[in-house]
Asks: 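First, the structure itself, so that you have it in front of you.
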Amino acid sequence: MLRPVFKLLEELDRRLLRTMRTRYHAPQIEDAVKALGMAGECGAVWVAIGVAAAAVDATRRERWLRAAAVAPAAVGVNYLVKLTVRRRRPRLRGLPRLAAAPSELSFPSAHATSSLAAAAAMGRVAPGSRPPLYGLAAAICLTRPYLGMHYPSDVLGGAAIGLLIGRLWPGLRGRDAEDRLIDLVASAASSTAAAPPQRSNADGRPQAPASRPSGGRPLSEGDPGRS
């Protein structure tokens, strides 16, 4: 029953691949896409971004360096999945691939896995940087079917795995607003507990502190100096 569905998805996969492999292939565009694909090889561009961010952001340096390690680690995870799935790279008649690859295994795309893992991890370190990070990751993902290296489904699978890795990578969570609010409340509670209790009169109004004669203890009812 599911076989027709799979056949339809496979045919759609090939059609999308052929479309991307044959549209907008002016020499200048191809050269730019090849350069971007090379930058994403083994997560190199993401390591460079993480190291550069660590150099200029001292307060989050350790977290940036941790995030920089995500991309190469994601490539390793990706290869284990490749060995399990063992899908072959696409072959289109009359349309050779426009880049080299270390193996013939196709699913999932290592570029997509490493790019989305790094973008997700670095976005956790600096949430404001998510738009350009995810924009770069998406551009690198698109290079794969454009160059004929992967089916679109390879890219989608790699992106899903990468997002999961980036979201689960440890050591990237800093002290957020909730943590600071908890510290503020705890500090206020400690200050209140340390303050001496205030006595009240019988009518509930705060009692003024007892006056002290110079050099002595507070006057009481039986002291001779009290009128």
Side-chain angles (χ1 to χ4, degrees), residues 16-17 20 23-24 28-82 98-102 106-180:
L16 287 174
L17 171 63
M20 296 187 69
R23 301 288 179 88
Y24 305 107
Q28 299 87 343
I29 299 176
E30 276 192 6
D31 289 343
V33 174
K34 288 177 182 178
L36 185 58
M38 285 295 295
E41 197 73 42
C42 296
V45 67
W46 301 104
V47 173
I49 290 173
V51 171
V56 300
D57 187 358
T59 59
R60 294 179 290 191
R61 179 167 296 153
E62 183 178 351
R63 293 162 63 199
W64 279 117
L65 292 177
R66 285 178 180 271
V70 173
V75 173
V77 173
N78 174 275
Y79 189 64
L80 294 178
V81 180
K82 273 186 165 75
L98 301 178
S106 185
F107 183 94
S109 164
H111 280 69
T113 302
S114 60
S115 294
L116 268 298
M122 293 179 184
R124 290 169 58 198
V125 177
S129 66
R130 283 172 180 165
L133 289 172
Y134 280 107
L136 176 60
I140 292 175
C141 287
L142 290 175
T143 69
R144 310 328 291 152
Y146 179 92
L147 296 174
M149 301 301 296
H150 287 281
Y151 293 102
S153 58
D154 298 336
V155 174
L156 292 177
I161 295 171
L163 283 172
L164 183 63
I165 294 172
R167 293 301 302 168
L168 296 180
W169 194 258
L172 302 180
R173 184 176 181 271
R175 292 177 55 79
D176 55 20
E178 183 179 352
D179 295 326
R180 292 192 293 270

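Excluded from the calculations below are hydrogen atoms, water molecules and symmetry mates; all remaining heavy atoms, backbone and side chain alike, are included. Numbers here simply count residues along the sequence, with the first being 1. On a predicted model such as this, the values are computed, not experimentally measured, just so you know.
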Asks: Count the heavy atoms belonging to other residues, nucleotides or ligands that lie under 6.0 Å from OH of Y134, then report whether that count exceeds 12.
Replies: yes
Asks: Please report the interatomic distance OH(Y151) to CE(M20), rounded to the nearest 0.5 Å.
Replies: 14.5 Å
Asks: So E30 and Y146, do their side chains get closer than 4.5 Å, heavy atoms only?
Replies: yes
Asks: Which atom pair, heavy atoms only, marks the closest approach of G50 to A68?
Replies: CA-CB, 3.8 Å
Asks: Identify the heavy atoms of S153 and F107 that sit nearest to each other, and give their distance.
Replies: O-CE1, 3.5 Å
Asks: Apply side-chain contact (heavy atoms from CB on, under 4.5 Å) to residues I165 and V70 and explain how you reach the verdict.
Replies: CA-CA 8 Å; I165 294 172; V70 173; 4.2 Å; yes
Asks: Under the side chain to side chain contact (heavy atoms under 4.5 Å, CB included) test against P108, which residue among D154, L156, I161 passes?
Replies: I161
Asks: Is any side-chain heavy atom of H111 closer than 4.5 Å to a side-chain heavy atom of C141?
Replies: no
Asks: Less than 4.5 Å apart, any side-chain heavy atom of L17 and any of P152?
Replies: yes
Asks: For V125 and A67, which heavy atoms make the closest approach, and how far apart are they?
Replies: CG2-CB, 4.2 Å
Asks: If you round to the nearest 0.5 Å, how far is CZ of R130 from CZ of R124?
Replies: 9.0 Å
Asks: Can you find a pair of side-chain heavy atoms, one from L136 and one from S115, that are under 4.5 Å apart?
Replies: no
Asks: Identify the heavy atoms of L172 and R66 that sit nearest to each other, and give their distance.
Replies: CD2-CB, 3.7 Å
Asks: Hey, could you give me the CE/OG1 distance between M38 and T143, rounded to the nearest 0.5 Å?
Replies: 11.5 Å
Asks: How about CD on E62, more than 12 heavy atoms from neighbouring residues, nucleotides or ligands closer than 6.0 Å, or not?
Replies: no
Asks: Is there side-chain contact between V155 and P145, with at least one heavy-atom pair below 4.5 Å?
Replies: yes
Asks: Calculate, to the nearest 0.5 Å, the distance between atoms CG and CG belonging to L147 and L98 respectively.
Replies: 5.5 Å
Asks: I need the R144 CZ to S106 OG distance, nearest 0.5 Å.
Replies: 10.0 Å
Asks: With a 4.5 Å cut-off on side-chain heavy atoms, are L36 and L142 touching?
Replies: no
Asks: Please round to the nearest 0.5 Å and tell me the distance separating atom CG of L116 and atom CH2 of W46.
Replies: 8.0 Å
Asks: Over all heavy atoms of both residues, which pair between L133 and A119 is shortest? Give the atoms and the distance, please.
Replies: O-CB, 3.9 Å
Asks: What heavy-atom pair brings A74 and S114 nearest, and what distance separates the two atoms?
Replies: CB-CA, 3.9 Å
Asks: Please step through side-chain contact (heavy atoms from CB on, under 4.5 Å) for the pair W64 and M122, ending with a clear verdict.
Replies: CA-CA 7 Å; W64 279 117; M122 293 179 184; 3.7 Å; yes
